[in-house]
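As the structure lists them, so they are numbered: ligands from 1, and atoms in each ligand from 1.
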Amino acid sequence: MSRSKALFAGLLAGLIAGIAMTVVMLVLACFGVATPLAIIGDRLSVFIKPGPFLSIMGRVGGYNHLKQLGVGSTMAGQLVVSALGGAVFGLFMRSNPQRRVTATTMSIFVALPIIAIAIVLWPVLGTSYIGLPIASAGAITLIGFALSVLVFERTLVASFHFLTRPKSGTESGEFTPAIGRRALILGGLGVLIAGGGVALLRKLYRAATFSYDGTQYKGRIVQPITPNDLFYCVTKNVVDPRVNVDLWHLELNGLVQNPVTYRFQDLKGFNLVEQETTLMCISNGLDAGLMSNAVWKGIALRDLLDPAGPLADAQRVRLCGVDNYTDTIPIEKALDPTTLLAWAMNGVDLPHRHGYPLRAIVPGYFGEKHVKWLTRIELTGADAKGFYETQGWGPDFITPTRSRIDVPDHDSRFTIHDSPIEMKGIAFGGDRGISRVEISDNDGETWADAKIDYPGTKLTWALWSYDWRPDDADDYTLVVRATDGEGAVQEWEEGRSPFSGVTGFHKIVVHVTV
Ligand SMILES: Nc1nc2c(c(=O)[nH]1)N[C@H]1C(S)=C(S)[C@@H](COP(=O)(O)O)O[C@H]1N2
Ligand SMILES: [Mo]
């Protein structure tokens with residue numbers, strides 16, 4: 001058959017096969033199976049340093065857009081590679097389009113991709129959005145991928161044979177395919193399958209994290225305890241896990257004498273701890289609301305570590321979520337009685353987006369260490385690194401003392417008759433508590449004590465307020481600063497890497513007229 005016909009038939013067959021494969025992946029995704037569409041992004045993002053990462057994110061319009069771009073381009077790339085693979089296949093089949101080459105296509109389009117994916121995505125294969133233990137999750141991911149590429153291979157071969165089959169009634173040697181009409185039929189079928197894919201995409205889009213990732217809690221509404229549905233939220237995932245607790249395990253292994261696996265019910269046998277703790281994201285800006293406070297209930301991590309018997313060379317504890325997110329904490333911190341494994345948040349089961357059924361609570365450390373959907377606790381040597389630390393965040397993950405003005409808004413206008421003007425906000429000292437909050441109305445030249453309305457605990461924020469009485473009509477720069485429970489005054493730490501969280505002061509400008 002002619003070169004261009006072979007090329008065209010191959011290209012179209014490859015594209016249809018690519019669409020079918022993508023739809024299989026979307027079906028798998030609906031069942032919580034990890035597919036390359038989601039985990040290629042996880043695999044790649046650890047190679048992007050935080051500087052470029054933030055600038056790419058800024059250019060595409062935020063984390064959510066970046067995630068959509070990631071999945072979208074993976075899908076588009078997959079279709080392009082499929083079509084090109086089909087074209088090569090078409091040329092290869094040109095001399096005898098009806099020949100059976102199952103061994104070859106199975107090797108090239110099934111075995112080879114499986115091996116490639118297993119190697120390239122090895123570190124992220126153990127991802128399961130329904131909460132399967134990591135080893136089974138890895139196997140399921142590979143089986144799901146095998147199924148996807150098998151569908152690709154079968155569809156490619158069948159489509160190509162269909163397109164190039166001699167017209168019935170003609171001698172098999174004579175090649176007169178009605179390729180145009182068949183291309184139309186096959187194209188129509190492709191559009192139908194793609195339509196199903198779009199429906200699945202819609203379903204996944206509704207389940208995706210785009211609607212809530214990056215939720216902030218700040219401003220006038222701030223109360224001592226953040227209601228669960230207003231609690232700030234950060235996730236690396238496009239679609240978050242919805243763990244089936246009957247499939248879920250908690251593994252404790254690595255550098256321990258007695259590795260052990262717990263079911264959810266087993267955890268209830270330990271000493272119950274209830275603890276109010278504030279979380280703040282490492283990327284929280286000085287004026288931002290990526291921080292919230294809740295009452296967590298669960299058990300002390302120490303109560304699991306002690307019986308496991310940490311070995312002498314265990315220095316860090318790696319916490320792994322079912323979404324293949326990991327982070328590490330020093331073993332001393334893991335053994336601190338305030339470091340928790342929590343299953344309840346403000347009196348109810350952890351909401352899915354906050355880590356159901358179990359998450360870590362690590363007071364005083366940035367939010368990223370509070371691993372959600374926890375499924376494995378692994379004791380390691382000194383150099384284990386987590387997801388964001390591998391990207392280049394850090395090296396410091398201990399929350400510096402911070403404070404924020406929630407009321408009034410920046411750029412507010414008042415008249416002198418509005419005096420006293422209500423100011424309020426939060427102050428957070430990591431796991432050191434807050435002992436004092438001060439306000440300045442002259443950009444930090446002089447300070448006056450604010451009232452602490454809610455002192456919280458050492459592990460939480462404090463809420464403050466201040467009745468501000470401006471002397472004259474003027475523009476004012478209002479600043480807040482806090483002193484932590486150890487007497488250290490909030491400051492701008494000049495030597496701190498910007499990737500260890502910002503330090504400094506939240507300032508706003510307000511205008512007072514006569
Ligand atoms: N498994 C898992 N845990 C995770 C994350 C994640 O993407 N996956 N994000 C981390 C980050 S960066 C932050 S700031 C906190 C946010 O917790 P929250 O969404 O419950 O407020 O969860 C941390 N734990
Ligand atoms: Mo974070």
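Ring planes of Phe210 and Tyr205: tilted class, angle from 30 to 60°.
Judged by the 6.0 Å and 45° rule, Lys369 forms a cation-pi pair with Phe397.
Residues satisfying the side-chain hydrogen bond (donor to acceptor under 3.5 Å, both in side chains) test with Tyr454, not counting sequence neighbours, are Glu276. Applying the ring pair (Phe, Tyr, Trp, His ring centres under 6.0 Å) criterion to Phe505, with sequence neighbours excluded, gives no partner residue. Phe499 meets the ring pair (Phe, Tyr, Trp, His ring centres under 6.0 Å) test with Trp393; sequence neighbours excluded.
Heavy atoms of other residues, nucleotides or ligands lying less than 6.0 angstrom from CD of Glu494 number 12 at most.
For ligand 1, the 4.0 Å heavy-atom shell contains residues Phe231, Tyr232, Cys233, Val234, Thr235, Lys236, Cys281, Asp323, Tyr325, His354, Arg359, Gly367, Glu368, His370, Val371, Lys372, Trp373, Tyr388.
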